[in-house]
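Shown next, in C-alpha cells, is the structure this report addresses.
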Number of protein chains: 2
Amino acid sequence: MPPDVKDKATLHILQKSGLSKTPQRLAVLNILMNTVVPVNIKSIRQALESKISINRVTIYRILSLFKQHMIIREITSPGGNNYFELATMKNPVHPHFLCRKCAALSCLEPLTFSQANHWLTPDKDYSIENIEINISGLCASCRNATKLQKRSVKQ
Amino acid sequence: MPPDVKDKATLHILQKSGLSKTPQRLAVLNILMNTVVPVNIKSIRQALESKISINRVTIYRILSLFKQHMIIREITSPGGNNYFELATMKNPVHPHFLCRKCAALSCLEPLTFSQANHWLTPDKDYSIENIEINISGLCASCRNATKLQKRSVKQ
DNA sequence: TTAATTATTGCAACCAAGTTGCATTATTGG
DNA sequence: CCAATAATGCAACTTGGTTGCAATAATTAA
Ligand SMILES: [Mn+2]
Ligand SMILES: [Mn+2]
Ligand SMILES: [Zn+2]
Ligand SMILES: [Zn+2]
C-alpha cells in the first residue's frame, strides 16, 4: 500500500467500522471525503483513474460495504445514476436538488425535527427508516443560461 | 382494434392529449386506471400478458409518451424499479412509502401548500419543477411478521 | 368507403449497469 | 515471518432499457 494514500482521517473511519484497510477502500473514501457535492459512480471511477488502478467490480463492492456500515448514504436519482455522500454526524440526512439540465446535484438544508415530524408519523403501522426528499428543476446557472438565450432569440 | 378494450374513460384521456388510440395504449392506460397502488414495469407487463400481445419496447415507448403528456407520473425507486401512477387533478403529487422487505409501494396524503412551501423556496435561484418525497421502512404487514417471528424465537 | 399519408408497432441488435463465481493476491493477527 | 482469512481482479453473465428500420395500423380527407 503506498503510504501517501494513507490519510489519517480515512484510516480512522475504516478502523472504527472494523474494516480492513486496503488501498482501494482508502482511495474511494478519500474521494467521498474531499468532495463537497455528492458524486455518482461515473465520477467516482473518473476520479479514481488518476489515483489508483481499481476494478469496477471492486468499486461496487466497496460502495455497497460502506453503505452497510453507514459510512455513506446513497441518494436516489430518477434515471438510476445514484449519488453518494459521506454520512457523518455533522452531515445529517437532508433534501437534495437535482438540475434536470446539467444533472448537478446539490445539498439543501436538513429538516428540523418539527418539519420532519409530519412525515415521521404517516401511519402508526409503518416503521420509518428513511425519508428522502428530492427536488428537481433548473439550477441557478442553467436557469440563467436559458434566460439569456431567450433574450437573444427575441432580438 | 377489439371493441371490448375501448373503455370510454381511457379513450377520452388519449383524445384530450391528441394521441392516436391504439389497442396497446388503451391497454396500458387501462391498467394504470384500474389499479389502486402505483405499478412498476414488471407488474405492467404481467398484467398486459393476459390482455394483449405487446412488445416490451412498445411499453417503454408508451410510458415515456404518457409521461411527456403528463398523463402519468413516475415514482423513483432506490433500486431503479420505478413505479407509475395516473396523474389526474384528483390525484395530486404526494409522498410515497416503500417497504424495504416486500417492496410494496403505497401512497401517502399529499402536502398542503403551507407544508410544501418550505421546500418550494430552498433558494431564489432554483426553479422548482418537482418535489419527490419517498419514505421507506417496513409496512404494516411486514412489521407484524417480524414481530411474530421474534416472539416465536424467544420461546 | 377508399386510398394516401402519417404514426405506431415489432423485431433484432445493441448498450450500459450491475452481479456472480472463482482464482489470485493482499491484509491481518499471532 | 507465516498461516489464516479477507479483498480484489477477471471473465462471464444477467437485467433493463434503447435504437434503427421495416412492417403494420390509425388517421384524414377525398
Ligand atoms: Mn447531500
Ligand atoms: Mn401515489
Ligand atoms: Zn443545471
Ligand atoms: Zn412490506
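Each chain gets a letter, A, B and so on, in the order its sequence line appears, and its residues count up from 1. Predicted model only: the values in this text are computed from it and were never measured.
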Quick one: is [X] getting a side-chain N or O under 4.0 Å of the [N] phosphate, OP1 or OP2?
X	N	value
Q24(A)	dG9(D)	yes
T22(A)	dA26(C)	no
S20(A)	dT28(C)	no
K42(A)	dA17(C)	yes
K21(A)	dT28(C)	yes
N55(A)	dT8(D)	no

> So what does S64(A) hit on the nucleic acid, given a heavy-atom distance under 4.0 Å: a base, only sugar-phosphate, or nothing?
Replying inline: nothing
Do [X] and [Y] touch side chain to side chain, with heavy atoms closer than 4.5 Å?
X	Y	answer
E132(A)	T76(B)	no
N134(A)	L98(A)	no
N130(B)	R100(A)	no
L19(A)	F66(A)	yes

Rounded distance (Å) that lies between atom [atom2] of [N] and atom [atom1] of [X]:
X	N	atom1	atom2	value
R61(B)	dG10(C)	CZ	C1'	8 Å
I59(B)	dT19(D)	CD1	P	17 Å
N82(A)	dA16(C)	CG	P	19 Å
L11(B)	dA26(D)	CG	C1'	13 Å
H69(A)	dA6(D)	NE2	P	12 Å
L19(A)	dT8(D)	CG	P	10 Å
L65(A)	dG18(C)	CG	C1'	17 Å
F84(B)	dG17(D)	CZ	C1'	11 Å

>> From the set dT8(D), dT19(C), dT9(C), return the single nucleotide nearest to any side-chain atom of V57(A).
In response: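 Out of dT8(D), dT19(C), dT9(C), the nucleotide with an atom closest to V57(A)'s side chain is dT19(C).
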>> Can you tell me which nucleotide in dG9(D), dT9(C), dT19(C) comes closest to the side chain of I54(A)?
In response: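 That would be dG9(D).
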> Is R56(A) side chain donor-acceptor paired with the dG18(C) base, going by distance under 3.5 Å alone?
Replying inline: yes
> With R73(B), which of N91(B), T88(B), L86(B) fulfils side chain to side chain contact (heavy atoms under 4.5 Å, CB included)?
Replying inline: N91(B)
